[in-house]
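Remarks on the structure that follows.
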Amino acid sequence: MTSPTARVLSGLPGIRPWLEDLYRHLHAHPELSMAEEATAARVVQEVRGLPQGQDLEVVTGIGGTGVAVVARNGDGPTVLLRADMDGLPVLEDTGLDYASRVFANNRQGERVPVMHACGHDTHVATLLGALRLLLAERNAWRGTLVAVFQPAEEQDNGAEAMVADGLVDRLPRPDVALGQHVLPGPAGSVQIAAGPIMASCDDFRITLHGKGGHGSSPHTAIDPVVMAASLVMRLQTVVSRQVSPRATAVVTVGRIAAGTKTNIIPAHAVVEGTVRTYDDDVARHCLEVIDRTARAEAAAWGAPDPEVETYDHLPVTDNDEGATEEVHRALVAELGLQNVRVFEPEMGSEDFSELPRAWGIPYCYWGFGAFDAEAWARSEAAGTQAADFPDNHSPHFAPVLQPMLDTGVRAMVAATMAWVGH
């Protein structure tokens, strides 16, 4: 007898050309965080274009550009399905015929390249594909689907913005939240684990105040560029010398900004970075040490106290054990045990959990593979995956179309049907 999940997925071959064309379009037209107007409009267009589209509740503009699609199909559980939509300020170097050539203004008004270097285009395409198949086979399931297309994951505040904009009051209360992310790994496989799988994140900004002057007379100035360089090196010891070896933490400086011209010593310099950990106490300790170190560096130069700010906090992504068991069982049944891998905890961070936390509901978040499976197997045997394949956020990040897209759709449908299938 055909399972409910199989009935829903029987339509996948028929939508594959549409799915691949949609993905290519999204990849070629990325948008920066909180500027996803065209992507959101395409989501609404695709949903409204479905035969069942006029029966759906579509809520737009949540938290800026966020979109939610509510599909009610009788009594049953309510399942939230999430995809993030934003791209990154990265110049694409993949050689794809559908590579992005987009440039846009960032928050600082700078003209920057834009690329879907983290695979959010795959998330939007596969969620729309899963939704299309589920709506086409309503007899296979009962309940309510809430598909959330979220802005600004890369800016760390998209989910928070949706919650602040009344997400909880504007949508049905889900029983569970599900999300997925394309990651380095063999296409056709998924990665899943219960418990903490992604770290918390706290971004920091340090504004150093020096004394401007002429580049030929540094002795008459207080050079914030050199101060910043020294501070960056000191921050490398926060984890290595001031955090217990039994703890897990990362402190990374990702941006330094100062100056306008080679022969001008500027008056200010800005250092921005991030703290990642699985323990709130460790995060607080790291931030305290960073603050103290910045002030000590300024004092050593006879400079005024710097301004030290923290912002864009993300919690640990901590998969609910019960929900993860259900999803794991569904993924094994659909993809085969050999294609269900363990999600090894990593120091990357996600704001997905902000959505289920707003309702206080369980959630599960998993990964699906991006790259050619045979090439990955050869690389894995040699232990050279890191050298052979680009990571997310690389200008070379180019997932293979298939079976990557099919797997993302199959995984999302199978996981959803674990709750609503009958």
Side-chain angles (χ1 to χ4, degrees), residues 2 4-29 31 36-62 65-85 120-151 162 167 170-172 174 177-180 334 401-402 404-422:
T2 304
T5 299
R7 296 208 305 273
V8 173
L9 287 171
S10 65
L12 181 54
I15 72 165
R16 192 172 288 134
W18 163 84
L19 178 67
E20 293 177 1
D21 285 346
L22 174 63
Y23 167 69
R24 291 189 189 97
H25 172 84
L26 293 170
H27 187 87
H29 299 88
E31 296 174 290
E36 306 94 342
E37 288 91 354
T39 305
R42 183 60 182 260
V43 167
V44 174
Q45 174 188 331
E46 294 294 341
V47 170
R48 289 300 191 200
L50 296 174
Q52 312 85 354
Q54 300 309 310
D55 298 330
L56 304 175
E57 179 185 346
V58 180
V59 186
T60 61
I62 311 176
T65 57
V67 177
V69 180
V70 180
R72 293 180 171 86
N73 190 34
D75 294 333
T78 298
V79 182
L80 184 147
L81 314 173
R82 177 267 205 172
D84 39 12
M85 300 189 293
H120 296 185
D121 46 356
T122 75
H123 306 165
V124 173
T126 54
L127 180 50
L128 282 170
L131 187 61
R132 179 170 176 170
L133 292 176
L134 285 158
L135 291 173
E137 198 64 45
R138 284 176 177 262
N139 291 333
W141 59 278
R142 289 288 180 271
T144 299
L145 307 180
V146 180
V148 173
F149 297 86
Q150 179 206 305
M162 294 189 84
L167 181 82
R170 298 166 74 174
L171 300 177
L178 306 175
Q180 62 179 2
E334 174 59 29
L401 251 67
Q402 296 293 3
M404 179 272 297
L405 288 171
D406 278 9
T407 304
V409 172
R410 293 169 68 193
M412 186 59 84
V413 167
T416 303
M417 292 295 283
W419 274 268
V420 301
H422 75 94

Has [X] got a side-chain atom pairing as donor or acceptor with [Y]'s backbone, closer than 3.5 angstrom?
| X | Y | value |
| --- | --- | --- |
| Asp84 | His123 | no |
| Gln180 | Gly408 | yes |
| His27 | Thr122 | no |
| Glu31 | Ala38 | yes |
| Gln52 | Leu135 | yes |
| Arg132 | Leu12 | no |
| Trp419 | Val79 | no |
| Arg82 | Gln150 | no |

### Task
Specify the closest pair of heavy atoms between His29 and Thr39, including all atoms of both residues, with the distance to one decimal.
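So the minimum-distance heavy-atom pair works out to O-OG1, 4.2 Å.
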### Task
Working to the nearest 0.5 Å, report the span between NE2 of His120 and CG of Leu26.
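Between atom NE2 of His120 and atom CG of Leu26 there are 12.5 Å.
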### Query
Can you find a heavy atom in the side chain of Met417 that is under 4.5 Å from one in the side chain of Leu134?
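The answer is yes; the side chains approach within 4.5 Å.
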### Task
I would like to know whether Leu128 and Glu46 meet side-chain contact (heavy atoms from CB on, under 4.5 Å); could you show each step before the answer?
CA-CA 8 Å; Leu128 282 170; Glu46 294 294 341; 4.3 Å; yes
